[in-house]
Each structure stands twice: as structure tokens, then as C-alpha cells.
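Reviewing the structure listed below.
Hydrogens, waters and symmetry mates play no part in the numbers below; they use all other heavy atoms, side chains included. Naming convention: chains lettered A, B, ... in sequence-line order (proteins, then strands); numbering from 1 in each chain.
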There are 4 protein chains.
Amino acid sequence: MSSSSPQARRGNTRQRIQDIALELFAEQGYEKTSLREIAERLEVTKAALYYHFKTKEDIIISVFEDLTRPIDELIEWAEQQPRTLETKREVLRRYSEAMAAGSPLYRFMQENQATMRELSIGETVKRRLFTLVELLRTEDGPLTDQVRCVSALFTLHAGMMFLQHVEGDPEETRQAALEVATDLITQAHQAS
Amino acid sequence: MSSSSPQARRGNTRQRIQDIALELFAEQGYEKTSLREIAERLEVTKAALYYHFKTKEDIIISVFEDLTRPIDELIEWAEQQPRTLETKREVLRRYSEAMAAGSPLYRFMQENQATMRELSIGETVKRRLFTLVELLRTEDGPLTDQVRCVSALFTLHAGMMFLQHVEGDPEETRQAALEVATDLITQAHQAS
Amino acid sequence: MSSSSPQARRGNTRQRIQDIALELFAEQGYEKTSLREIAERLEVTKAALYYHFKTKEDIIISVFEDLTRPIDELIEWAEQQPRTLETKREVLRRYSEAMAAGSPLYRFMQENQATMRELSIGETVKRRLFTLVELLRTEDGPLTDQVRCVSALFTLHAGMMFLQHVEGDPEETRQAALEVATDLITQAHQAS
Amino acid sequence: MSSSSPQARRGNTRQRIQDIALELFAEQGYEKTSLREIAERLEVTKAALYYHFKTKEDIIISVFEDLTRPIDELIEWAEQQPRTLETKREVLRRYSEAMAAGSPLYRFMQENQATMRELSIGETVKRRLFTLVELLRTEDGPLTDQVRCVSALFTLHAGMMFLQHVEGDPEETRQAALEVATDLITQAHQAS
DNA sequence: AATGAATGAGCCTTCATTCAT
DNA sequence: TATGAATGAAGGCTCATTCAT
């Protein structure tokens with residue numbers, strides 16, 4: 001699998017910490033995962049983690065920043081586009097892709113919302129979500145249409161998290177979720 | 001709100017523990033809430049908690065059992081009904097109501113999924129969710145329709161959790177979410 | 001020496017922690033003394049210390065408060081007396097006695113000044129010392145006389161700390177230091 | 001003050017380490033100052049410190065040796081002089097000057113006595129102090145006169161440390177302290 | 001019905017130090 | 001003349017839990 005000779009590990013310890021940490025955080029939750037555990041899996045000492053990251057929180061923050069950059073870029077892009085239906089569809093498409101690419105992180109965020117709220121990145125996540133909704137929704141439309149936009153986003157999440165446990169091919173499921181989500185914003189868009 | 005004179009508290013300590021515990025668990029998360037904190041808020045000692053509950057987990061379990069009974073009853077009822085659209089609508093309606101009635105618990109479960117998975121009740125929650133989906137969905141329909149059913153459920157959740165932070169009147173929002181969810185299963189139902 | 005059967009220790013653990021802690025702090029310094037060490041000497045666990053005190057700092061603070069009360073009382077008393085030479089002599093006399101009574105603490109404070117400065121009590125100590133000087137000195141006298149008053153106080157400290165290592169009978173040394181200190185303030189008092 | 005361009009720093013790193021270390025040790029205490037902190041202030045790595053000094057203790061020792069040489073020379077000189085009052089006065093004068101010249105170190109030693117005791121130089125300091133007292137005092141005189149000699153030394157210390165926080169011009173204060181100290185040994189000398 | 005006192009395990013973090021490069 | 005990467009030991013502190021009273 002991954003090379004495990006001490007020489008081969010040189011120079012990429014930081015990356016390895018991020019990988020293992022995310023894996024464990026997603027699997028067991030943030031608070032239930034101790035730095036001891038992460039260190040053991042990497043066959044280094046706890047102190048080595050502190051050479052690369054200032055705190056436990058720092059580890060998840062760094063992973064977060066790496067893996068959510070696409071979302072930031074998506075938002076930046078979308079803010080410059082006209083608020084057309086096609087733009088909204090593209091937003092959902094790219095959002096779905098970004099989630100698929102960083103799926104363990106998104107799973108982590110979904111399942112550790114209480115933790116996220118106390119983390120310094122929690123605020124960022126929240127703001128980002130609101131901005132995204134803002135980009136999808138139609139101002140002054142009926143309440144149900146606002147809900148449909150939020151629902152579209154949550155459908156993508158559901159597609160990633162929940163549905164994967166049930167249905168068959170992940171990619172196929174993701175596409176189906178994307179279709180349903182697109183349907184929802186389409187309804188909302190056309191109503192107004 | 002609740003009576004706070006020492007005499008008035010006599011005999012209902014168990015209930016008070018459950019109330020405060022749920023409040024704190026929902027607010028700060030399960031692991032971040034210590035028994036010390038709960039005890040302090042109740043102005044009793046930690047040891048007193050152990051008179052009423054065997055473990056920390058026991059507290060949340062007991063709350064869970066009290067507040068999710070309506071869901072169990074809903075499932076029992078639905079399983080005896082014909083799989084008509086009207087039945088499905090009724091399921092959503094009652095599910096939405098149950099969530100509104102025990103909202104701190106549902107918020108807790110949503111925001112502490114990682115924790116729930118390790119708790120003994122986690123399995124129950126999961127099974128219940130699957131059963132609910134089973135009752136809503138149409139077998140052998142296209143994948144998108146299956147997704148729509150799951151999405152309907154998640155829309156109700158979104159209506160409770162996320163939307164409350166944004167829109168105005170909670171009850172109005174809940175109704176809107178219910179309407180969107182009903183729409184979704186209606187589409188799914190009619191397609192087949 | 002002290003009773004060491006578990007029964008006999010019941011109920012006075014708090015006191016025992018204070019005693020041993022002060023002893024170790026005075027012997028090895030504050031930072032060099034770990035809670036583990038204190039706990040081991042008491043044959044309890046570290047956690048037991050935390051039942052009785054909120055932090056390590058809390059331990060030394062509580063000892064400090066117990067053992068410096070006489071100084072506070074002395075200051076209160078002195079502030080109500082006329083600023084006569086006799087009053088000043090009495091201040092020195094009682095100060096010397098208070099130090100003798102709580103000598104390990106005073107040794108600790110003298111030898112851990114850098115630490116004291118960071119502790120919350122550091123400020124108190126400093127203020128108290130200034131007040132004491134204020135009570136002894138003669139306003140508007142020549143600078144040398146001000147120095148003599150400070151010097152008198154330091155002579156008492158020297159009598160406690162340094163001289164004990166050298167000369168013979170502690171009590172005799174203390175009396176000698178007191179005499180020299182009294183001489184110093186007498187000179188300062190009469191000059192003006 | 002000190003040149004800070006990288007080129008200018010070449011070759012005097014050792015000196016810079018000593019300077020910053022002493023500054024921090026005096027400011028925050030020995031144990032509270034970490035090598036990381038020193039390295040950061042110098043904008044080098046911790047490992048660089050180990051190129052110049054074998055251990056943390058080594059740093060303070062080297063500073064100590066540089067700055068206390070005058071005292072050693074003073075003692076050597078005094079031991080060859082007749083035990084006259086004039087000699088004693090000269091001892092105090094030069095001692096006071098040496099302290100003024102290396103004041104951060106002397107402040108450090110005063111405020112970190114507990115630490116000093118564990119350091120290898122602690123013994124040296126103590127021995128030196130005893131020798132100094134020996135040179136000032138009059139053998140076989142009454143105990144109070146012995147105390148006066150010790151008190152004279154402590155007065156100089158007080159003049160450096162404590163009084164600086166209060167009175168105005170440092171140099172003036174130092175002179176006043178020297179005068180009081182001289183008075184004390186004069187009394188002691190003449191009594192016999 | 002509840003308290004006082006304590007425990008054992010574990011947590012995050014920091015430190016002085018080392019060594020190959 | 002220094003750095004990058006890591007270690008071993010320890011530190012202060014918190015937690016869920018227990019039990020005699």
C-alpha cells in the first residue's frame with residue numbers, strides 16, 4: 001500500500017499526518033481520536049506531530065483548508081456570473097464534484113457538526129453554506145422555493161453520506177442526487 | 001420556567017437531569033459536556049447522577065427512548081397501512097411533528113452523528129431511518145425516485161435544523177419544508 | 001511523626017497537601033516540584049489533589065493566604081497607630097515573628113521571586129512590601145534614611161534566610177537581626 | 001542598539017545567545033524561559049543553540065562566568081589587603097560597582113535562588129558570598145556586628161533590586177545604598 | 001436520595017536534547 | 001555554522017466512575 005520504510009517516509013510526514021488524521025477523525029469523530037492514536041498509526045511519537053502542527057485543531061484546520069479550496073473558488077466564480085438557471089446548475093454540479101473529491105472531510109464535517117461549531121473553522125463553514133444558498137435561491141420567491149434551494153444542497157449531502165451506505169455504485173448515486181437537486185432548483189427558479 | 005425551590009425539586013431529580021443533560025448535549029456536544037458540568041447546573045454532586053443513571057451513556061439513552069417513542073409508533077402504524085401516497089404523506093406529516101416536539105434531541109442527533117455511531121442507540125437510529133425510507137420509497141422505481149424519498153426526509157431535517165437559523169417563523173418554515181418533502185415523494189410515487 | 005494509617009488521614013488531606021506542597025516548593029522551587037511528586041509523597045493520586053484544589057497555583061495561593069494573614073493584620077494595626085518610633089519598632093518585632101512562624105513560606109517567596117511575579121499573589125506581596133516600607137519610613141527625609149528603612153526589612157529577611165545557614169542558634173540570630181534592624185530605623189527616625 | 005542585518009550577525013551568534021538568554025532569564029525566570037523562545041528571538045533554530053552551548057545550563061553558566069569575574073578579582077585582591085576599615089569600604093564600593101555593571105545577571109540570581117541552588121554555579125555563588133562576609137566581618141565581635149556585615153551586603157542588593165522600582169535616579173539610589181552599607185560596617189568595625 | 005473523597009486512565013502540550021545533513 | 005526532523009520524559013489537568021457513609 002503506502003511505502004513504510006523510514007527512508008521513504010522522509011519529507012512527507014506532514015502529509016501523512018493529515019491523511020491519517022482525517023481518516024481517523026472521519027471514522028471515530030474528532031474528540032474520540034487522540035493524538036496518541038494518530039502517532040501510533042504513523043509510527044512516530046506524539047511530539048513529532050507537534051513539530052508539524054501547533055495543536056490538534058491545527059491539523060484539522062490545515063486539512064480543511066486544503067480540501068475546501070474548490071468550494072471557495074466555486075463561490076468566487078459564481079458571484080461573478082449572472083444569476084441564471086444555468087449558473088445555478090453549474091454550481092450544484094461543481095459542488096457535488098468537490099464533495100466527491102474530498103469526501104472523507106465532508107463526511108467528517110457532517111458527522112461532527114457539534115465539534116465544528118467550536119472549532120475556529122466552524123464559522124467559515126457556516127458562512128460558506130449561507131453564501132451558497134444565497135447564490136441558488138431566488139429572492140422574494142415563496143418560502144417553499146427557498147426551502148427547495150436548501151433542500152437541493154442537502155440532497156447532495158445525502159447523496160454522499162447516507163445513500164452510499166445503501167445503494168450500489170457511488171458514482172451512479174451521486175449523479176442521481178445531482179439530478180434530483182437540479183430538479184429542485186429548477187422548480188424554484190421557474191416559479192418566479 | 002421549572003420550579004427551583006429545593007422542596008419543589010424533590011422527587012423529580014431524574015427528570016431534571018434528563019432535561020439539563022439534553023440541553024447541554026445539544027448545545028455543546030456529547031463529549032464536550034462533562035458530568036461535572038451537568039451536576040453543577042443542577043446544584044447536586046456528580047455522585048448524585050450515578051444514583052439515577054448507571055453511566056453517562058445511560059442518560060442520553062433514556063432521553064432518547066422517551067423522545068423517539070412517537071417515531072416507533074409511527075413506524076408500527078405505517079407498516080400496517082397500504083403503501084398508498086396518502087399513507088406516505090401521513091408519515092411525513094407525523095415525522096415532522098415528532099421532530100418538532102423533541103427538537104433538542106433531534107438537533108443533538110444530527111450534530112453528533114459520529115458520537116451516535118459509537119453509542120448503543122446509534123444502530124437503532126440507523127435501522128429506524130432505513131425502515132422509514134423503505135416505507136416511503138417505491139420498489140423497483142428509478143434510482144432518482146429512491147433519492148427523492150431520502151431527500152424528502154432530509155428536507156424535514158433541514159427544515160428543523162438549518163432553516164431555523166435563517167428564516168422567520170419556525171412553524172411556518174416547518175410547514176414549507178413539509179410541503180416540499182411531500183412534493184418530492186409525490187413525484188416519486190407517481191413516476192411508477 | 002505524622003500518623004500515616006489511611007483512617008487517620010481522613011478528613012485532613014487538604015491540610016496535608018498544603019504542608020507537603022509547601023515543604024517541596026521551598027526545598028526545590030515551584031516549577032521543579034511536580035504534582036506527581038506531591039501526590040506520591042502523600043500516597044494519593046494526582047487526581048486527588050484536584051479534588052481539593054483547582055490548580056497547582058491554587059495550592060500555593062491557599063498556603064500563602066493562611067500564612068500571611070498576620071502580616072495583613074499587622075499592617076491594619078499599624079495604619080491606625082501614630083507614626084512614632086515605638087510603633088515602628090513594634091512593626092519590626094511583629095514582622096520578624098510572623099516570618100519565623102511561617103518560615104518555609106517566606107523562604108519560598110524569597111527564593112522564587114521570579115515565579116512569584118507571575119503568580120497572582122505576586123502583586124499582593126509587592127504591594128504589602130511597599131506599604132510596610134511606607135509605614136517605617138519618614139517622608140521627606142534624606143534618601144539615605146529611606147534606604148535605611150528598606151534595609152531594616154531586608155535585614156530581617158537576611159536574618160531568617162541567610163544567617164540561619166551560618167550562625168548558631170536560630171532564635172538568637174533572629175534577635176540580633178531584629179536589633180540591627182531596629183537600630184537602622186531608629187537612626188532614620190531621629191535624623192528627621 | 002545591536003546590529004541586526006544577517007551579515008552583521010555573522011560570527012557573534014554566541015554572544016547574541018548570551019545576551020538574549022540573560023534578558024529572558026531575568027525577565028521571566030530560568031525555567032519559564034524555553035530554548036525555543038530564545039531561538040525564536042534570535043531567529044535561529046533551537047539546534048543552533050546546541051552548536052554553541054552543550055546544554056541550557058551551559059548558557060547561564062557562561063554568562064555567569066563572564067559577569068562575575070570582577071567579584072572573583074575583588075576577592076583575590078581583598079584577601080591580600082590588611083583587614084582595615086578602608087579595605088572593607090573599598091570592597092563594598094567595588095562590589096556595588098560590579099553589581100551595577102552586570103545588573104541583569106544579579107537580578108536573575110536574586111530572583112531565581114531556588115534555581116541557582118540546583119545549578120552547578122549555585123555552590124560557587126554561595127561560597128563567594130560567605131568569603132565576602134568573612135572579609136567584611138570582625139571575628140569574635142558580638143553577634144549583632146556580624147549581622148551588620150551581612151546586612152551591609154544585602155543593603156547593596158536591596159539598592160539594586162528593590163529600590164530601583166521606587167526611587168528616582170538609579171545611580172543616586174546606588175550611592176545612598178552604598179553609604180548606608182558603609183555605615184553598617186563602620187559601626188561593626190569600630191565596636192571591636 | 002445524595003455526598004465526600006478518591007481513583008485510573010487518558011488527554012493535549014511542552015521541553016531539553018540529539019543527529020544526520 | 002547551522003537546520004530539519006524527531007524523540008523520551010514529563011507536566012498540568014479533566015473525565016467517568018466507584019464506594020463508604
Side-chain angles (χ1 to χ4, degrees), chain A residues 6-7 9-14 17 31-39 42-59, chain B residues 6 9-14 17 31-39 42-59, chain C residues 6-7 9-14 31-39 42-59, chain D residues 6 9-14 31-39 42-59:
Chain A
Q7 302 95 293
R9 293 207 309 248
R10 270 287 150 71
N12 66 340
T13 303
R14 197 190 139 94
I17 294 173
E31 7 260 338
K32 292 278 266 287
T33 303
S34 69
L35 294 187
R36 179 184 50 67
E37 207 173 346
I38 296 174
L42 289 165
E43 291 177 293
V44 295
T45 56
K46 266 185 292 171
L49 305 184
Y50 279 91
Y51 177 77
H52 295 281
F53 297 95
K54 252 175 48 197
T55 61
K56 184 185 182 184
E57 188 171 342
D58 238 50
I59 299 179
Chain B
R9 287 201 317 238
R10 274 283 152 73
N12 65 343
T13 302
R14 196 190 137 93
I17 294 173
E31 3 262 340
K32 292 278 266 288
T33 303
S34 68
L35 295 186
R36 177 181 52 64
E37 205 174 349
I38 297 174
L42 289 165
E43 293 177 288
V44 296
T45 55
K46 267 183 296 174
L49 304 184
Y50 280 90
Y51 178 81
H52 294 282
F53 298 95
K54 248 180 37 209
T55 63
K56 184 186 183 184
E57 189 171 343
D58 242 46
I59 300 179
Chain C
Q7 301 94 294
R9 291 204 313 243
R10 268 289 148 71
N12 65 341
T13 303
R14 198 191 137 93
E31 5 262 338
K32 293 278 266 286
T33 304
S34 70
L35 295 187
R36 179 183 50 67
E37 205 174 347
I38 298 173
L42 289 166
E43 290 176 294
V44 296
T45 57
K46 265 185 295 172
L49 305 185
Y50 279 92
Y51 177 77
H52 295 280
F53 297 94
K54 252 176 45 196
T55 61
K56 185 185 181 185
E57 187 171 344
D58 239 50
I59 300 179
Chain D
R9 281 190 336 229
R10 274 283 153 74
N12 64 343
T13 302
R14 196 189 139 92
E31 4 261 339
K32 291 279 265 289
T33 303
S34 67
L35 294 187
R36 178 181 53 63
E37 206 173 348
I38 297 173
L42 289 165
E43 292 176 291
V44 297
T45 56
K46 266 184 295 174
L49 305 184
Y50 279 90
Y51 178 80
H52 294 282
F53 298 95
K54 249 180 39 208
T55 64
K56 185 185 182 184
E57 189 171 343
D58 242 47
I59 300 179

Would you please confirm or rule out a distance under 4.0 Å between OP1 or OP2 of [N] and any side-chain N or O of [X]?
X       : N      : answer
D:Thr55 : E:dA16 : no
B:Tyr51 : E:dA2  : no
A:Thr13 : F:dA5  : no
D:Ser34 : E:dC15 : yes
B:Arg36 : F:dT14 : no

Over how many whole Å does the gap from [X] atom [atom1] to [N] atom [atom2] extend?
X       : N      : atom1 : atom2 : value
A:Leu49 : F:dG8  : CG    : P     : 14 Å
C:Tyr50 : E:dG8  : OH    : C1'   : 16 Å
C:Leu35 : F:dG12 : CG    : C1'   : 6 Å
B:Leu42 : E:dT3  : CG    : C1'   : 15 Å
B:Lys54 : F:dC19 : NZ    : C1'   : 17 Å
B:His52 : E:dA2  : NE2   : P     : 4 Å
A:Glu31 : F:dA16 : CD    : P     : 12 Å
A:Lys32 : F:dC15 : NZ    : P     : 15 Å

Tell me which of D:Arg14 and C:Ala47 sits closer to the 5' end of DNA chain F, going by the nucleotide each one is nearest to. D:Arg14

Which nucleotide sits closest to the side chain of D:Thr45: E:dA1, F:dT3, E:dT14? F:dT3

In the structure shown, which nucleotide is the Watson-Crick or G-U wobble counterpart of [N], with both distances under 3.5 Å?
N      : result
E:dA1  : none
E:dT14 : F:dA9
E:dT21 : F:dA2

Any donor-acceptor N/O pair, C:Lys56 side chain to C:Thr33 backbone, under 3.5 Å: yes

Starting at the 5' end of DNA chain E and moving along, which residue's nearest nucleotide shows up first, A:Lys56 or B:Ala48? B:Ala48

C:Glu31 and D:Glu31: which non-hydrogen atoms are nearest, and at how many Å? CG-CG, 3.1 Å

Smallest heavy-atom separation, A:Thr45 atom then A:Ala39 atom, equals C-CB, 3.8 Å

Is there side-chain contact between A:Leu35 and A:Tyr50, with at least one heavy-atom pair below 4.5 Å? yes

Report yes if some heavy atom in the side chain of C:Leu49 is under 4.5 Å from a heavy atom in the side chain of C:Leu42; otherwise report no. yes

Side chain A:Lys46 and base E:dT13 donor-acceptor under 3.5 Å: yes

